[in-house]
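Below is one structure; the comments refer to it alone.
Below, chain A is the first sequence line, B the second, and so on; all start at residue 1. Since the structure is predicted, the reported quantities are computational estimates derived from the model, not experimental observations.
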There are 2 protein chains.
Amino acid sequence: MAGLADIAKAAGVSVSTVSRVLNRRAGIKEDTRQRVLDVLNQLPHTARGLGALRRTGVVGLLVPELSNPVFPAFAEALESRAAQAGYASLLCNTRAAMSEKDYVQMLTARGVEGMIFVSPEIANPDSDERRSRREYEELLGEGVRMVFVNGCAPSLDVPDITVDEHLAGYTAARHLLDLGHRRIGFVSGPARALPSRLKQAGWSAALDEAGVEPAAELVAHAAFGAEGGAAAMAELLDGPRPTAVLCSSDVMALGAMREAKRRGLSTPEDLSVVGFDDIGLAAYCQPALTTLAQPIADMAAAAVDELARRLDPDEPPRRATSFSRMFRPTLIVRESTAAPPS
Amino acid sequence: MAGLADIAKAAGVSVSTVSRVLNRRAGIKEDTRQRVLDVLNQLPHTARGLGALRRTGVVGLLVPELSNPVFPAFAEALESRAAQAGYASLLCNTRAAMSEKDYVQMLTARGVEGMIFVSPEIANPDSDERRSRREYEELLGEGVRMVFVNGCAPSLDVPDITVDEHLAGYTAARHLLDLGHRRIGFVSGPARALPSRLKQAGWSAALDEAGVEPAAELVAHAAFGAEGGAAAMAELLDGPRPTAVLCSSDVMALGAMREAKRRGLSTPEDLSVVGFDDIGLAAYCQPALTTLAQPIADMAAAAVDELARRLDPDEPPRRATSFSRMFRPTLIVRESTAAPPS
DNA sequence: TTGTACGCGTTATCAC
DNA sequence: GTGATAACGCGTACAA
């Protein structure tokens, strides 16, 4: 049971300094800060006293947004598994009013033991990758325990529970090729977004394999969201018209289908559409959406279990990257795909 | 600046007893507990020291579920307004893994200053109304500051920001009557759910006004959710077939439309459908859903502002009920409603 | 069931 | 910028 005093003694500083470092207060020289953090990380992570370093049974779940239903779905799955493991969950929406960084600060101050980041800021195509990488490394240095879900950040020493995006793109394209399609478009998210890039690579590989050219004019980039999907679909339909389209998410697929309908094309008769995620409403839209399901429950279980192991004082500390896992998406064929018009 | 010591002195007990009461620990005689709580409530609510009773700038948002997109939408709107008011938000999903009561306990222990309950437990048709009323009254007695959104609990002394459900039902039915419909069904949530009952009353009033009998066989009850909507629609279609159907929520409407399509009926040609909520995807479904929008941003602003006033040490305390407000829903006509088949 | 004594981290103050 | 110190408020172990 180590408290501020022990850390202070080991680092050769005063308790006030340790307190200041842990609470990220200004006015601390960098190397002093580093010395304290070094000591903190050398201490066995069982070292938890009765004060602010005590066990609370609370974890933080950070999701980038709530308007795409896949994130609420992840949140519910994570919360449910965390409860089974004996942890209460606090949910934070990191790209709306408050930044991920601010939430992390607030959660640690509120005595959260660990955090799960779904699509963390480092996977945000709009963020400065180098800066956010440095920020996560600082958190690791401070002993903050965390796990990523779909983090797309293999270079960071954080366990990352992902879905195989490449396989998703490949499987979707393969499904459309099997139906007889040859001109298969790809409605992508922002060009810098790694999940979209990986799916595109899978799509490209499947087309290559089938002897079809994955031409650049078959790919349209747009912002995530239904409006983005509609915009990207409009771009594709203005060019040489594809007979099928693969979308980066179900939400984009809904926007894309709407744009197709606006132009008098019906799905799947004139144009097949494949989504990605399998949000709950995908089965209830007209036509019901063919999509690639993320195994959300399994991924949530893996993420929570990995975090729980890192929080368990009886478990030995473990390197992070070796415990990352990649899950396979599942093709769910519904009504939005069919053979191309003859 | 009053702390545990002041409260203890005024109540004639020790600080540990006050601590135990505030943390809801077992092993406290009821009248001792009551004496402490009485003192707590007589103290001006500016009385906040440096310990667990200090100001933290954090509020809790409690929503019943995340699978109906209307709740994530409320959560984002509330969070955004709370951030404007200088508060960070912690989101809790109260009907999944952990109960509302457990979350309240945990949030107070984590130093949350106040809470906003969207569709609180007392509005849950499956809950024991008397028991949950008592629990809220206990919280009020402990000085917990809270505001309801769509709480449907006028008898409790908690400000309640609601949408006018009766007007929603009336407006939807009126819209369908104006289109020429006469047999208008109602897909309701569980029979005990007050929001559904109020909408049904509005539907009933509009039909009466038009000289149409709101027959019981035109109403079908089912669980909330898309599956429930499908089941209720099946029940209605097994009886004397209506030409239009009004649903308790957009999610139920999607399920209902799916069931109609399964039976070879197309919307709106054979059957008009009206939803309620205006979830983001309502505009992107085929056909786009005619619905009654809740003014989510306005309701969120009202709820946050009311809570903020209650947390402001400079504001005088105010009775709760007199600050409840009811908002008007807006009819949004899209593609799922049309004149009845001739 | 309740009070006392102690441990904890935080904050403020002052010295250097 | 950092350390020493003291006061403070909360939580808990333990004793009554």
How close or far is atom [atom2] of [N] from atom [atom1] of [X], stated in whole angstroms?
X: B:Asp31; N: C:dT2; atom1: CG; atom2: P; answer: 7 Å
X: A:Arg54; N: D:dT12; atom1: CZ; atom2: P; answer: 7 Å
X: A:Lys29; N: D:dT2; atom1: NZ; atom2: P; answer: 6 Å
X: A:Arg33; N: D:dT2; atom1: CZ; atom2: P; answer: 11 Å
X: B:Leu4; N: C:dG3; atom1: CG; atom2: P; answer: 13 Å
X: B:Leu53; N: D:dC10; atom1: CG; atom2: C1'; answer: 9 Å
X: A:Lys9; N: D:dG3; atom1: NZ; atom2: P; answer: 15 Å

[X]: side chain to side chain donor-acceptor pair (under 3.5 Å) partners, not counting sequence neighbours:
X: B:Asn93; answer: A:Glu76, A:Glu79
X: A:Asp102; answer: A:Ser99
X: B:Arg110; answer: none
X: A:Glu138; answer: none

With a non-hydrogen cut-off below 4.0 angstrom, is [X] in contact with a base, only sugar-phosphate, or nothing?
X: B:Val15; answer: nothing
X: A:Gly12; answer: sugar-phosphate
X: B:Ile28; answer: sugar-phosphate

Set of residues satisfying side chain to side chain contact (heavy atoms under 4.5 Å, CB included) with respect to A:Arg134, sequence neighbours excluded:
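A:Arg131.
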With sequence neighbours excluded, what pairs up with A:Arg35 under the side chain to side chain contact (heavy atoms under 4.5 Å, CB included) test?
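Checked A:Arg35 against side chain to side chain contact (heavy atoms under 4.5 Å, CB included); matches are A:Val13, A:Thr32.
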With sequence neighbours excluded, what pairs up with B:Tyr87 under the ring-ring contact (aromatic ring centres under 6.0 Å, His included) test?
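In terms of ring-ring contact (aromatic ring centres under 6.0 Å, His included), with neighbours along the sequence ignored, B:Tyr87 is linked to no residue.
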Looking only at the side chains, is there a donor atom on one of A:Asn41 and A:Glu142 sitting less than 3.5 Å from an acceptor on the other?
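No, no side-chain donor-acceptor pair sits under 3.5 Å.
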Answer yes or no: does a side-chain N or O of B:Ser19 lie under 4.0 Å from OP1 or OP2 of D:dC10?
no
Identify each atom pair where a protein N or O and an N or O of nucleotides 12-16 of chain C are less than 3.5 Å apart, giving names and distance.
none

Return the 5'-most residue of the pair A:Thr32, B:Leu22 with respect to DNA chain D, ranking by each residue's nearest nucleotide.
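So the residue in question is A:Thr32.
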At 10 degrees resolution, what angle do the end axes of the helix from C:dT1-D:dA16 to C:dC16-D:dG1 form when each is taken over five base pairs?
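Answer rounded to 10°: the end axes differ by 0°.
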Nearest heavy-atom pair of A:Val147 and A:Val158: which atoms, and what distance?
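Nearest pair, atom of A:Val147 first, then A:Val158: CA-CG1, 4.0 Å.
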